[in-house]
Protein chains: 2
Amino acid sequence: MKKGSNSVKIDGIDKKILRHLMKDARTPILEIARSIGISGAAIHQRLRKLESSGLLSGSKFVINPRVLGYSTLAYIGIYLDRAMSNPQAVKALEKVPEVLECHYTTGNWSILIKVLCRDNEHLMQLLNKKIQAIEGVSRTETFISLDQQIDRQISL
Amino acid sequence: MKKGSNSVKIDGIDKKILRHLMKDARTPILEIARSIGISGAAIHQRLRKLESSGLLSGSKFVINPRVLGYSTLAYIGIYLDRAMSNPQAVKALEKVPEVLECHYTTGNWSILIKVLCRDNEHLMQLLNKKIQAIEGVSRTETFISLDQQIDRQISL
DNA sequence: TGTGAAAAAGATTCGGC
DNA sequence: GCCGAATCTTTTTCACA
């Protein structure tokens, strides 16, 4: 199977393995092996295959930003003057550490971004001094996440 | 330090360790140790402390949904009839596997959700048959992500 | 907090089925 | 595709600075 192919087939055992690792990337393979009744070597083989299929794009430690004093999460819809501004705007947004995601979107805005700030004050500074300062940005609409109830990956 | 405390201080070594693990949760501790010139035991100690501080909320395998045929990512703003509908609506959304995130937000909508579908057809079915069918949902606004240029965590 | 060394556990390879 | 055994690496613990 070529890397990045979009016709990967996974069976029930693959799903079980992945479900374990999606919850905790450091789950020992041997522990998974014991829990699903297969040898560690077999799981190792399957993981190698899943990896080369491009389905596994890596693993991440998840840190809780709240503990570092970052508790304001928001989405910002951005209107750009000209479509031409897009690539430059994205380049500028990449340099803003508070920006976690950036999407070109259909609909009202040119761009939708997700930002993480310490508090509302920080968010206001971010909007006024950094986002609005980007060339091409004409207007923004901000949606603060008061509470996030769901946060998960694709279900297998 | 209590679990979940919001006054955790981390030093440069902690940051180096976390930066490694945020990129790849399975990086061996000893490899990190070699790269930053400290013993593996010391890193182990620091990780235990960071964990009990609540800063580390786990680790995840990241899978590439595109390889499974899921290539349409969208945000949907949802208007609810009455504020009272919120908890029930969230409960209903939890049962919809396509919903990856769900936020109570300030602004126009009651709720903003992120969904992952195979294609636009699937997204349309999702909207018509599942989202609109939820009690309390009066109207929705959909923003399809044509391209995601930035996807990252808080920068340390 | 850190270290080095020892012990325990896990990852990886490989021949064989 | 899977297994088991052998080997190598990593994790974890602990006494000590």
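Per chain, numbering begins at 1; letters A, B, ... match sequence-line order.
- Among residues at least two apart or in separate chains, there is no salt bridge (Lys or Arg N to Asp or Glu O under 4.0 Å) pair with a member in residues 18-39 of chain A.
- Looking at the side chain of Ala42(B), the nearest of the listed nucleotides dT3(C), dT12(C), dC2(D) is dT3(C).
- In this structure the side chain of Ile36(A) reaches within 4.5 angstrom of the side chain of Ile43(A), judged on heavy atoms.
- Between Asp11(B) atom CG and dG2(C) atom C1' the separation is 13 Å, expressed in whole Å.
- Every pair tested for salt bridge (Lys or Arg N to Asp or Glu O under 4.0 Å) that includes a residue from residues 103-112 of chain A fails, sequence neighbours excluded, so the list is empty.
- Residue contacts for Arg26(B): at a heavy-atom cut-off of 4.0 Å it reaches the sugar-phosphate backbone alone, with no base atom in range.
- Among the atoms of the strands shown, none is found under 4.0 Å from any heavy atom of Glu31(B).
- The distance from atom CD of Glu51(A) to atom C1' of dA11(C) is 13 Å, rounded to the nearest whole Å.
- Here the C1' atom of nucleotide dG1(D) and the CZ atom of Arg48(A) are 15 Å apart, to the nearest Å.
- Straight-line distance from the CD1 atom of Ile36(B) to the C1' atom of dG2(C): 12 Å, rounded to whole Å.
- Contact check for Tyr75(B) versus His103(A): side-chain heavy atoms found under the 4.5 Å cut-off.
- Straight-line distance from the CD1 atom of Ile10(A) to the C1' atom of dG1(D): 17 Å, rounded to whole Å.
- For Arg48(B), there are no side-chain hydrogen bond (donor to acceptor under 3.5 Å, both in side chains) partners, not counting sequence neighbours.
- Rounded to whole Å, atom P of dA9(C) lies 17 Å from atom CD1 of Ile29(A).
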Name every donor-acceptor pair, under 3.5 Å, that has one atom in a side chain of residues 89-96 of chain B and the other anywhere in the protein, sequence neighbours excluded.
none

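- Nucleotide dT11(D) holds its C1' atom 11 Å from the CG atom of Leu47(B), rounded to whole Å.
- Ranking dG1(D), dT12(C), dC3(D) by closeness to the His44(A) side chain, first place goes to dT12(C).
- For residues 118-133 of chain A, the set of pairs meeting the salt bridge (Lys or Arg N to Asp or Glu O under 4.0 Å) definition, not counting sequence neighbours, comprises Glu98(A)-Lys130(A).
- Per the geometry, CD1 belonging to Ile43(A) stands 9 Å off P belonging to dC3(D), to the nearest Å.
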**Request:** For nucleotides 4-9 of chain D, just jot down a letter per nucleotide in 5' to 3' order: B, S or -, based on protein non-hydrogen atoms under 4.0 Å.
**Result:** B-----
